[in-house]
Structure formats: C-alpha cells, structure tokens
Amino acid sequence: MTLRRVLAAVLLLSLAVPLIAAAPSAPGPPAAGAPVPHLPPTSEWTTFDQNGLRSGVDVSGASFSPATAAWTSPALDGSVYGQPLVAAGRVLAATEDNTVYALAADTGAVLWSTHVGPAFDPSTVAGLCGDIQPTVGITSTPVIDRARDEVFVVAAEQVPGGAAHHLVGLDLFTGAILLDEVVDPPGTSPAYELQRASLALTAGRVVIGFGGNAGDCGPYHGLVVFAPEDGSPPSTFTVAAQPGDSQGAVWMGGAAPVVDAAGDVWVATGNSAVTSAGSTYDQSDGVLHLTPTGQLVDAFAPTSWPSDNAGDADLGSTAPALLPNGLVFEVGKSRTAYVLSGSHLGGVGGQLASTPGFCGADPFGASAQLDGTLFVPCSDGVRAVTVTSSPPAASWRATSGAHGSPIVAGGLVWSIGNGTLFALDPSTGATVQQFPIGSAASSFPSPAAADGLVLAPATDRIHAFSGPAGLPGPPDPGPPRPGYWFAGADGGVFAFGGAGFLGSAGGIPLASPVVGMAATPDHGGYWLVAADGGVFSFGDAGFFGSAGSLRLRSPVVGMAATPDGGGYWLVASDGGVFAFGDASFEGSTGGLRLNAPIVGIAAGPDDLGYRLVASDGGVFAFGDATFEGSTGALRLVRPVVGMAALPGGSWLVASDGGIFAFGGAGFFGSMGGRPLHRPVVGLAATVTGSGYWLVASDGGVFAFGDASFEGSTGTLMLAAPVVGLAAGP
C-alpha cells in the first residue's frame with residue numbers, strides 16, 4: 001500500500017492551472033541577424049562529454065562555420081559549475097542554489113525549474129575549507145537516462161550541523177521529483193565531501209564520485225558510489241581505506257567517470273594522506289578500473305605516488321581517456337602524461353610510456369577525442385596528441401587562452417578560457433572563431449554541443465551559438481501527462497498534471513450547489529452537475545440537456561457520461577435516473593424503498609447500462625451493466641460516497657477513504673484507518689484501470705496503483721468544499 005499526499009503549496013501553485021499560470025522567463029535577445037528556427041532536434045548530449053567514453057564529439061554533423069550567437073538564458077538563481085546537457089529539445093543546467101532548469105533549445109526560455117532542497121551553507125561548519133560560495137548545491141554535471149526520461153542530480157543540502165548529499169531524480173518533461181535519496185555512505189562526514197565529478201550511468205546505477213573541498217581539510221575519503229536508479233541501497237568503493245588513511249579524491253576536474261562497452265567504470269584518483277616511500281599502495285594518485293557495482297578490477301599508479309601525494313601533484317585532476325586502440329591516456333598535476341594498457345593497467349609503475357612535462361601547467365577535466373587524436377585540457381593551452389605506445393608528444397598547443405575541457409563540434413575543437421569560447425582548428429590549434437561569454441563560476445568550465453547548438457556556461461547563464469542551418473525546432477512536448485480535475489460546490493474547477501483547465505462555473509450565481517462532475521472519454525472536456533439537475537459543459541463536452549427546469553422529488557447527487565461521450569445520466573438521491581443525449585434509460589430505484597440514499601452512478605461498458613451505489617454500499621445494476629458485488633450487507637465504519645467502474649469491475653469508496661474492489665477491479669490501497677483532515681468525497685480510476693485517485697472535501701488527493709500525485713488544494717482555504725473528481729488524460 002502506498003500513500004502519496006503532498007501538501008506543499010509551492011508544488012500546488014506550479015501545477016494547479018486555474019490558481020496560477022506562470023509565464024516562462026524571457027530569454028536574452030538574440031544577436032542581430034540570428035537565424036530563423038527551422039531545424040528539428042538532431043542530437044542529444046545527455047551526459048558529460050556526450051557518451052560514456054567521454055569522447056566529447058557532437059554526433060549531429062551540424063556545421064558551425066560560421067557560428068552565430070543565438071540566445072543567452074535568463075540569469076539563473078546560482079552559479080553553474082556543470083556542463084549543459086541537451087535532450088528532447090531542452091537544455092538542462094543546475095545551480096549551486098540546488099535548482100535544476102530546463103531551457104527551450106530554440107529560444108533559451110525557461111520551460112521549468114525545480115528547487116530540490118536548501119543548499120548547504122559551508123559557514124555553518126567551523127573550519128571547513130573550500131572555494132564555492134556562498135552555498136554549495138549541485139556542483140557536478142547531471143546525467144539523463146532517456147530510457148526513463150529522468151534527470152539525475154546530486155544536491156548538497158543543509159541539515160542541522162552540516163550537509164547531506166541527495167540523489168534526486170526529476171521528470172525530464174515536467175521537473176517533477178521522482179526520486180530523493182541520501183547517498184552519503186555510513187561513517188562519512190558529508191560536509192567535508194564535495195561531489196564535484198560529473199555523474200555517470202551504468203547498469204541501472206548512477207555513478208557518483210566524491211572528493212574533498214579546495215584545501216583538503218577535514219576527514220574525507222575519495223568515494224565512488226553506485227546508486228540504483230530505483231532508490232534501492234547503493235554500493236561504495238572507498239579510496240585510501242587503510243586504517244588511519246584519508247583523502248584520495250575522485251573529482252577529475254569535474255569530468256565524469258568513464259564507462260566502457262562492458263559497463264565497467266574507470267576513474268582517476270587524487271592525493272591521499274600516505275606520503276612515505278615504501279608504503280602499501282592505497283589506490284590514491286592513480287587510475288582505477290571498477291565493476292558496475294564498485295569492485296576493484298585493476299589499478300595503475302606512478303612510482304612517485306607517495307611524493308605526488310605529499311606535493312598535491314595528484315594524477316586525478318583529469319579523467320582517463322580510453323582509446324579505440326586499447327590504450328589509456330592519463331595526465332595529472334605532476335604534468336607527466338602516461339600511456340597505459342587497457343587490458344592490464346600494470347599496478348605501480350606499470351605504464352607503457354610516459355612524458356614528463358607534457359602539460360606546462362596543471363590539466364583539469366577530460367580530453368576530447370576524434371579519429372585517434374586527443375585534445376587535452378592543459379591550463380596553459382589545449383594540446384593535441386595521437387596516442388601510441390611510445391612516449392606521447394603534442395602535435396600543437398593552443399596559444400589563444402583556450403584551456404578548459406574541450407569538445408568537438410562541426411569539425412572544430414571548442415574550449416573555454418578567460419571568459420571566452422574558442423573554436424580551434426583541429427589540425428593546428430589556431431583560433432577560427434571566438435566569442436566573449438563572461439567569467440565562469442568554475443575554474444574549468446566546459447561547453448556542450450547538440451541540436452545544432454554549441455552551449456557555453458558562464459557564471460549564472462547559458463550562452464547558445466548556432467551554425468548556418470539555424471536553430472532547432474520547438475522542444476518535444478513529451479508523453480501525455482496523467483492528471484485530474486476536481487470541482488467545488490460553487491462550480492470552481494481545479495486542474496492538475498496533464499488535465500487542462502477548460503473553464504468553470506465558479507463565477508456564476510448558481511441556483512443550487514454543484515454536486516459532481518464527469519469527464520469526456522477523450523479527456524478533452526468535462527461536465528458539472530448541480531443538485532437541481534443543472535448541467536454545465538466545458539471543453540469538448542457537449543450539452544445534451546438537463547433537469548434544471550424540472551421539479552425533482554430528491555436532489556441530484558451525481559452524473560456519469562456514456563462511454564462514447566454522446567450523452568450522460570444524472571441520478572438523484574432516491575435513485576431516479578435522467579438520461580440525455582445517446583444515454584439510454586434502463587431503469588431506476590426511484591419507486592423503491594431504499595435502506596440508504598443513492599450517492600453515485602457509474603456507466604456500464606456501453607450506452608445501455610449503469611450502476612447506482614447507495615451510502616450503505618448497496619449496488620444496483622441496470623441494462624447491460626453487470627453486478628459484481630456490494631457492501632450492502634456489511635457494517636461500514638463510514639458511509640460510501642462514490643463509485644468508479646471499468647469493464648468487469650468496480651470500486652466503492654467510503655468517506656474515511658476505505659476502498660472496496662469487486663469483479664476485475666484490483667485493490668491498490670486505501671486511506672481506511674488513517675487520519676484524514678477532511679472526509680473523502682470522490683473517486684476516479686486511471687485510464688489503465690490499474691490505479692485510482694481519491695479526493696477529500698479540502699482538495700487533498702491520495703494516489704494509488706499507477707495513479708500519480710499531480711497536486712492538491714489540501715493547504716489552501718477554499719471558497720467551497722470539493723464535491724467531485726474526474727480523471728484526466
């Protein structure tokens with residue numbers, strides 16, 4: 001049994017269409033002469049450097065000769081340290097204020113933004129070092145699983161006395177939070193752990209690298225956490241795990257763990273507390289090969305690893321590059337480049353070749369690779385190298401200032417340096433184009449490229465550049481969202497999720513209060529019914545007549561639409577039935593003496609039948625609607641208030657939220673026995689018949705089975721109580 005009731009007004013205001021409609025944030029103005037959008041989405045960039053091997057190549061084939069400034073996003077609510085991602089016509093970015101943004105790839109407008117939790121304030125921990133201010137939130141590049149259409153981020157969140165790291169999964173199309181799990185391993189000190197390495201995916205797990213803050217203060221360990229996407233318990237590999245040891249960061253200048261074709265994971269590690277020659281190797285200052293659950297397969301470290309540790313000259317400032325020829329390239333802050341065998345890393349001192357001083361200044365990030373050539377991010381300029389088993393030698397060094405993690409798009413090498421985005425000739429390193437983008441929050445920002453765009457992060461903005469073919473088309477609208485409507489006694493309608501607001505009777509003087517609602521079969525409209533039998537139709541719901549002008553013996557209490565939407569039935573509390581449109585009158589209990597009043601009606605499988613339900617749970621079937629059972633002979637804790645049906649089955653709901661399932665209707669949970677703020681007044685089944693929603697008179701919503709919670713009015717002061725519920729798409 002699952003219970004999902006969210007009473008956060010913020011979530012409500014983002015989803016309840018009639019209550020508030022937020023206009024998307026306006027993007028910055030396009031540059032003069034910016035191309036007209038016309039391209040469909042052509043490629044995606046769902047993980048750091050485009051794929052698991054971190055090759056960093058845009059696969060769309062779009063040309064950027066020349067490139068033109070297309071748009072600049074609105075200012076985001078915090079600094080952006082990660083690389084932008086692209087999927088479904090959306091550009092994803094995350095901030096140090098713990099907010100995730102989805103921007104339209106064609107305009108830069110904000111499609112949605114979700115604040116996942118309070119960002120960590122490092123000033124709340126005495127003696128904590130670091131250079132991310134004023135808060136630490138989402139530092140790493142997220143990752144998108146397109147099989148699930150889920151965006152994963154790791155957020156540092158404030159907790160009493162320190163921080164906690166939450167793995168958060170968000171719906172790609174809506175920003176709704178689907179997963180929220182703390183992933184700090186037991187026994188660690190989360191405030192001293194910085195989640196800087198970009199996220200990766202392998203075998204249904206999110207791969208999360210942890211290291212320390214700038215300054216290496218406090219008790220931290222390098223960690224690689226393997227967290228299943230379904231929220232089940234993660235596994236962890238710990239660097240420098242010997243007694244008394246510490247540090248050994250997995251950070252790689254913000255690059256992501258490398259995932260090979262078998263799903264194994266490769267990382268480079270930083271300096272540990274072990275600095276004495278002759279010490280047992282502790283997996284610091286090296287390259288590690290791990291299984292998808294974190295078992296060590298193989299390792300490499302230079303023979304100088306203890307002295308590297310002592311001098312903060314760790315190898316782990318870049319990610320290892322796995323090459324098609326079976327070789328592995330790695331260079332770190334010692335500036336020595338190493339060539340390793342991918343089939344056997346060789347342990348301590350096991351390199352195939354090395355070149356001291358390959359970088360003239362410290363390297364940070366990941367190398368892009370194209371046709372066997374690596375483009376390496378050295379701080380004194382990107383270098384190109386073709387890696388063989390011989391000592392590596394650079395064929396060129398960029399002198400323009402381009403030094404950040406490079407990518408390849410449109411046959412050019414793109415890198416950021418000193419507030420400028422550079423496009424370099426891959427053969428010579430000469431600058432082909434350059435664009436000022438302003439300072440970056442990160443010391444080593446990295447661009448991305450997809451959908452015919454090159455995207456560059458600045459401090460709190462994303463800059464987009466397009467080629468001669470123009471901008472991509474509008475974002476993919478995504479799959480239909482589930483949703484529901486509910487109505488108040490004053491005729492007000494509240495729409496949630498994918499159920500669009502189509503109108504209400506909330507501002508109309510009513511002769512009698514609204515008592516129920518029904519949706520059209522295509523979920524493009526709905527009807528409201530009042531106690532006097534008056535009917536109000538909205539959207540594609542047709543008006544076929546009402547009982548509003550009749551003198552009724554008993555008030556109307558509910559309505560049901562025919563399966564084809566061409567008519568409806570109304571039912572009164574005495575069981576009298578009124579049929580309109582193509583709804584066929586098949587009988588009623590209007591002339592019977594009932595043990596309890598009728599409270600609801602549900603349609604049968606076609607236009608020739610319906611069921612009525614009384615407050616004692618007695619069910620009356622007419623026409624071709626079958627009788628599957630009732631609670632008429634049971635002693636109920638609370639009266640039945642509603643009914644929903646599907647072919648061959650039905651559900652009843654009581655005012656305490658108890659559910660009774662009959663025939664082929666499955667039981668998916670209930671609120672029976674749980675404390676409620678207000679009584680339940682309605683029930684609606686999902687279109688699949690594998691779940692249902694309940695609504696209380698205060699608008700609190702409870703979702704069971706495959707019914708998803710999409711919002712409620714549970715915390716609002718309503719003008720009138722909620723009286724009915726209908727399922728949306």
Side-chain angles (χ1 to χ4, degrees), residues 3-9 11-13 15-20 482-497 499-508 510 512-519 526-531 534-536 538 555-560 573 599-602 613 615 638-644 651-659 670-671 674-686 692-704 707-728:
L3 164 64
R4 303 180 207 136
R5 179 170 184 165
V6 177
L7 300 177
L11 177 58
L12 164 70
L13 294 177
L15 297 176
V17 175
L19 299 180
I20 185 168
Y484 41 81
W485 300 278
F486 52 75
D490 63 351
V493 173
F494 302 88
F496 297 88
F501 177 74
L502 304 171
S504 79
I508 302 173
L510 302 178
S512 297
V514 167
V515 294
M517 75 184 306
Y526 46 79
W527 298 272
L528 309 182
V529 63
V535 173
F536 307 87
F538 302 93
V556 168
V557 293
M559 77 182 302
S573 63
V599 294
I601 183 171
V613 63
S615 63
R638 291 289 185 272
V640 168
V641 293
M643 179 183 210
W651 297 275
L652 310 182
V653 63
S655 65
D656 64 351
I659 294 286
S670 80
M671 292 302 298
R674 297 175 180 267
L676 300 177
H677 291 287
R678 293 291 186 272
V680 168
V681 295
L683 164 74
T686 63
Y692 40 76
W693 296 277
L694 314 182
V695 67
S697 64
D698 63 353
V701 173
F702 309 90
F704 299 92
S708 62
F709 177 82
E710 299 292 338
S712 80
T713 62
T715 58
L716 297 184
M717 184 74 72
L718 301 180
V722 171
V723 294
L725 174 71

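- The minimum heavy-atom distance between A518 and A726, with the atom names listed, is C-CB, 4.3 Å.
- Considering every non-hydrogen atom in both A499 and A495, the closest pair reads O-CB, 3.2 Å.
- Scanning both residues, G711 and V701, for their nearest heavy atoms gives O-CG2, 3.6 Å.
- Note that CZ of F702 is 9.0 Å distant from CZ of F709, once rounded to the nearest 0.5 Å.
- Here CZ of F496 is found 5.5 Å from OG1 of T713. Values are rounded to the nearest 0.5 Å.
- Residues meeting the side-chain contact (heavy atoms from CB on, under 4.5 Å) test with L502, sequence neighbours left out: W485, Y526, F538.
- When each of V613, L683, V599 is paired with L652, the side chain to side chain contact (heavy atoms under 4.5 Å, CB included) condition holds for V613 and for no other.
- Between the CE atom in M671 and the CG atom in L676 there is a gap of 5.0 Å [rounded to 0.5 Å].
- G700 approaches S712 most closely through the heavy-atom pair CA-CB, 4.1 Å.
- The CZ atom of F486 sits 10.5 Å away from the OG atom of S697 when rounded to the nearest 0.5 Å.
- Considering only residues two or more places apart in sequence or on other chains, F536 meets the ring pair (Phe, Tyr, Trp, His ring centres under 6.0 Å) condition with none of them.
- To the nearest 0.5 angstrom, L528 atom CG is 8.0 Å from M559 atom CE.
- F704 contributes atom CZ, which lies 7.0 Å from atom CD1 of I659 (distance to the nearest 0.5 angstrom).
- Remark: S504 pairs with no residue by the side-chain hydrogen bond (donor to acceptor under 3.5 Å, both in side chains) rule, at least two apart or across chains.
- In this structure, the side chains of V653 and V641 come closer than 4.5 Å at one or more pairs of heavy atoms.
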